[in-house]
Each structure stands twice: as structure tokens, then as C-alpha cells.
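The model shown is predicted, which means the values in this text are computed figures rather than measured ones.
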Amino acid sequence: MADYKIKVNKKHLGKEFKSGFRYIGKVSSVNKKDPVTDSWEKQPIYTETLTKTKKPRRVLQFDIETAESNKLRVELAGMEQQYAYAYSRSENKTLRLDWKDRSNKEAFTNDSYHAIEVDWDKSERLGKLVQEDEWYEVRGQYQFDTFTPEGSDAEKVFIKRIINSVRPIKDGLLVNDDGTTQTVKHSGVEFDYVTDFKSSEFKEVNYVTMQVGIRSTYQDDVTGDTKVNAVFLDYGKEKSEPKAVEMIVYQTEAVEGKKSLADAFASLNTYDFIEITGQDNNRATFTYVDIVEKIDESDPFSDVDESQKLIRKEKVTNGDKKGIEVTGYVTNSLMRELLTEEEFKKAASTTTEDPFSKVSSNATSSDDQDPFAV
């Protein structure tokens, strides 16, 4: 497993985990409840506001619907800073610049340096690009913010989806920043994206990856689903900050001779490390039921055999799915007892406010202690 890397903070040597998401879907404005009128009001996708200390702040925020009813809120906020930075790939160096010089090429050491776009500028640029009811690809990473609710001593973690990049979808193709186009690639398949949730050709693009440490797992005796209580080691000044995150692995029928993903995750132990892949859920689930018709006795079709009738059905909501659903893992990422209790200390609980030779095709290493290799 020597080829698998985990980032280490250069100052305090703490591990820092990574996460990422990629969604393609239809954009809509965020609705928020007005505290005075108690009515829901549509918010602008991009706005410039002032903080409590009267400093300007740019905010980009919208919902992206990756499949029917699965709306995920994404955002990016930026403020003016003291410094900006430029990077030279050929010299492998970073140059610190005064904020006012971030776009001034004359302030760069040489032409090999390129400005690293700051969130202040990116929010404005993407705010001009993103339009309601249009379709886009959005990439980014998860951010874990902590807070303590009123009347409680328990710290909570609020998970945000922070935008890194946005590309429009036009005629089923991705449009790059330079105007060129390309087909969509997802799960090893290349295709033209269909912008119609009801089409039989529609394919959802909703992909999540996250490095986590295992705190505990629980497998339901009835459903076989496995709940994973995990810890994400985030950046911290003095030490890496542990943030708790819950995930679910739904039970599926495994091919004969192979183990299901839910069973494999259920056998993981505290302090194990793994990088999961999956999807982000905030969706209603549906089923179809027969439409019952009242037929009058005088109706000449009242006694016709049921096999000769076409019974209409209607779509109804029968539940919901929320949170990160694990659907796979990254090969060679499993490391037994990699983490320690010290690294797990002060992990806050998660809130949803504003738990393999042979796990299908996702087999990993052949270590004797690897639950995915049994």
C-alpha cells in the first residue's frame, strides 16, 4: 500500500484528509424563510453583502438537482484579503503578492507564474455564469464548520459543499472555460448528457469521495444496511481537527461467492482508515400505486377480466434518503489501525441542518486482515 498517500501538515505533522464531489444537474435558487412574514423567499444566486464588521463579502449559493427531487445546496464565499498568491509549475514555487497586485503581471517574478484565483474573484466570475433553470457540472469539496446550538453544550458539525469549478452543459456536452466542448465521462462511461429527468436515457452524475477514519459501524439485523460512524481529519493550526460524519451502506445482493459492500464495511474496526466513494442524497423516494376507479354496476366493462384491463398508476412519495451513501471504495486505501484515539479526540457530532476479494468489481488488496478480500 506504499503507493497510497495521505496528506500530512508540514508544521504539526497531523494527517489531513481530503474530500471531493462532482454533480451535474439543473440549477435553482435557494429559498429561505423570512423571519418576519414567515413566507419562503427566493434568494439571488450571487450577491455582495456586508459582514457584521462592515466588510464586503461575495456569496454564490444555489441548489443543483442531480436527479428528480435530489437538490443539493452548493456555495462559495469570498472576502478581500491582505495577500494573494501566484504559482510557477516550472519552478515549483509559490509567490506571495499584495492583494492589489494579484492581477498585475508586472509584480510576478517571471512569465512562468500564474495567479491563483481567489474566492473573492471566483465568486463574482461564476456568479455571472450560473443562471437559474440551466444545467451545469459543479465540482468541489466538503467543508466542516462547527457550532454549538442554543441551550446545548454539545458541539455540532454543519457540512457545507464548497464550489471549486462550474461548467455549463450545452447540447449534452460540457463547455470548458476556453469555449471548447467535450462529452461527459462518469463511472467509466462516456456519453452525451440528457437534460431531462424523465427520459429513459437520463443518467445521474452524483459522485463523492472522502477519506475517513472508522469510529464504529452498526449493521441492521433486518435490512442488512450498515451505518458508518466516521471521522474526517480536517486542517487545524495546532493539530488536525477531527469532525464526525455519518454514512450509510445499503445492503445489496452479492454475486455468489462474493461479499456485499455493507457486510465488508460492517467488519471494519475503530481506527481503521479507508477512502470511500458514493453519492450525496437529499432526495424523496417514490413508488407507483394503482389508481383505484369506482365502476358503476351499469358499466358494461365492470365484469371484464382484470387481465384485459390496463390499470393506470400514479407516482407517490414513500420516504426519503439523506446524507452520504457509500457505493464503493478506493483500491488499496484500507489501512488497519492507522489512527489513534488522540487523533479522534473532540470529534463533534454531525447535524443535517442548512455505516470486500470480492465486492462486485471494487476489489481491493489481498491482505489477510482485509474484510474486502474474503
Are [X] and [Y] close enough that some pair of their side-chain heavy atoms sits under 4.5 Å apart?
{"X": "Lys160", "Y": "Glu75", "value": "yes"}
{"X": "Lys15", "Y": "Phe273", "value": "no"}
{"X": "Val231", "Y": "Val245", "value": "no"}
{"X": "Glu137", "Y": "Val205", "value": "no"}
{"X": "Tyr23", "Y": "Leu72", "value": "yes"}
{"X": "Asn31", "Y": "Asp63", "value": "no"}

Considering non-hydrogen atoms only, spot the tightest contact between [X] and [Y] and give its length.
{"X": "Arg57", "Y": "Ala77", "value": "NH2-CB, 3.4 Å"}
{"X": "Leu97", "Y": "Ala86", "value": "CD1-CB, 4.0 Å"}
{"X": "Leu129", "Y": "Pro168", "value": "CD1-CG, 3.8 Å"}
{"X": "Ser267", "Y": "Ala264", "value": "OG-O, 2.7 Å"}
{"X": "Leu76", "Y": "Ile163", "value": "CD1-O, 3.6 Å"}
{"X": "Arg161", "Y": "Phe21", "value": "CB-CE2, 3.6 Å"}

Is it true that a side-chain atom of [X] and a backbone atom of [Y] form a donor plus acceptor pair closer than 3.5 Å?
{"X": "Asp178", "Y": "Thr180", "result": "yes"}
{"X": "Lys122", "Y": "Asn164", "result": "yes"}
{"X": "Thr217", "Y": "Ala266", "result": "yes"}
{"X": "Asp225", "Y": "Asp220", "result": "no"}
{"X": "Ser187", "Y": "Val189", "result": "no"}
{"X": "Glu16", "Y": "Lys7", "result": "no"}
{"X": "His12", "Y": "Gly236", "result": "yes"}
{"X": "Glu124", "Y": "Asp121", "result": "no"}
{"X": "Asp272", "Y": "Asn269", "result": "yes"}
{"X": "Lys18", "Y": "Ile6", "result": "no"}

(request) Determine, step by step, whether Ser19 and Gln141 satisfy the side-chain contact (heavy atoms from CB on, under 4.5 Å) criterion, reporting the C-alpha distance in whole Å, the side-chain angles of both residues, the deciding distance to 0.1 Å, and the verdict. (result) CA-CA 5 Å; Ser19 66; Gln141 75 280 332; 3.8 Å; yes
(message) Under the rule for ring-ring contact (aromatic ring centres under 6.0 Å, His included), what residues qualify as partners of Phe197, not counting sequence neighbours?
(response)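 Expected list: Trp135, Phe202.
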(message) Can you list everything that forms a ring-ring contact (aromatic ring centres under 6.0 Å, His included) with Tyr136? Sequence neighbours excluded, please.
(response)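 With sequence neighbours excluded, Tyr136 shows a ring-ring contact (aromatic ring centres under 6.0 Å, His included) to no residue whatsoever.
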(request) Give the C-alpha distance, both sets of side-chain angles, the deciding distance and a yes or no for side-chain contact (heavy atoms from CB on, under 4.5 Å) between Asp98 and Asn104. (result) CA-CA 10 Å; Asp98 288 336; Asn104 180 12; over 6 Å; no
(request) Carefully, step by step, assess Phe62 and Val138 under the rule side-chain contact (heavy atoms from CB on, under 4.5 Å). (result) CA-CA 11 Å; Phe62 56 88; Val138 179; 4.1 Å; yes
Regarding [X] and [Y], does a basic nitrogen lie under 4.0 Å from an acidic carboxylate oxygen?
{"X": "Lys26", "Y": "Glu65", "result": "no"}
{"X": "Lys55", "Y": "Glu80", "result": "no"}
{"X": "Lys239", "Y": "Glu342", "result": "no"}
{"X": "Arg215", "Y": "Glu246", "result": "no"}

Strictly by modelled atom types, are [X] and [Y] linked by a side-chain donor-acceptor pair under 3.5 Å?
{"X": "Ser216", "Y": "Asn229", "result": "yes"}
{"X": "Asn110", "Y": "Glu91", "result": "yes"}
{"X": "Asp263", "Y": "Gln219", "result": "yes"}
{"X": "Ser260", "Y": "Gln251", "result": "yes"}
{"X": "Asn281", "Y": "Gln279", "result": "yes"}
{"X": "Asp280", "Y": "Tyr207", "result": "no"}

Working to the nearest 0.5 Å, report the span between [atom1] of [X] and [atom2] of [Y].
{"X": "Asn282", "Y": "Ile324", "atom1": "CG", "atom2": "CD1", "value": "12.0 Å"}
{"X": "Tyr46", "Y": "Lys128", "atom1": "OH", "atom2": "NZ", "value": "8.0 Å"}
{"X": "Asp234", "Y": "Gln143", "atom1": "CG", "atom2": "CD", "value": "8.0 Å"}
{"X": "Thr183", "Y": "Leu174", "atom1": "OG1", "atom2": "CG", "value": "8.0 Å"}
{"X": "Thr327", "Y": "Ile276", "atom1": "OG1", "atom2": "CD1", "value": "7.5 Å"}

(message) For Val27, run the side chain to side chain contact (heavy atoms under 4.5 Å, CB included) check against Val166, Val74, Ile45 and tell me which one passes.
(response)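 Only one of Val166, Val74, Ile45 forms a side chain to side chain contact (heavy atoms under 4.5 Å, CB included) with Val27, namely Ile45.
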(message) Check the orientation of Phe144 and Phe232. Use parallel for under 30°, tilted for 30 to 60°, and perpendicular for over 60°.
(response)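 Aromatic pair Phe144/Phe232 classed parallel.
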Got more than 12 heavy atoms from elsewhere within 6.0 Å of [atom1], [X]?
{"X": "Asp196", "atom1": "CG", "value": "yes"}
{"X": "Glu190", "atom1": "CD", "value": "yes"}
{"X": "Glu48", "atom1": "CD", "value": "yes"}

(message) Under the criterion salt bridge (Lys or Arg N to Asp or Glu O under 4.0 Å), I'd like the reasoning laid out for Glu204 against Arg283: C-alpha separation, chi angles, the key distance, then a yes or no.
(response) CA-CA 13 Å; Glu204 182 177 9; Arg283 72 184 79 211; 3.0 Å; yes
(request) May I have the step-by-step check of ring pair (Phe, Tyr, Trp, His ring centres under 6.0 Å) for Tyr87 and Tyr85, ending in yes or no? (result) CA-CA 7 Å; Tyr87 176 72; Tyr85 297 88; over 10 Å; no
(request) Take Tyr4 and Gln211 through the side-chain contact (heavy atoms from CB on, under 4.5 Å) test and state the conclusion after the steps. (result) CA-CA 12 Å; Tyr4 188 88; Gln211 296 177 328; 2.8 Å; yes
(message) Here's one to test your reading of the geometry: is the NZ or CZ of Lys243 within 45 degrees of the ring axis of Tyr142 and under 6.0 Å from its centre?
(response)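 Judged by the rule (NZ or CZ under 6.0 Å from the ring centre, within 45° of its axis), Lys243 is not positioned above Tyr142.
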(request) Evaluate side chain to side chain donor-acceptor pair (under 3.5 Å) for Thr47 paired with Thr49, printing each intermediate quantity in order. (result) CA-CA 6 Å; Thr47 185; Thr49 63; 5.9 Å; no
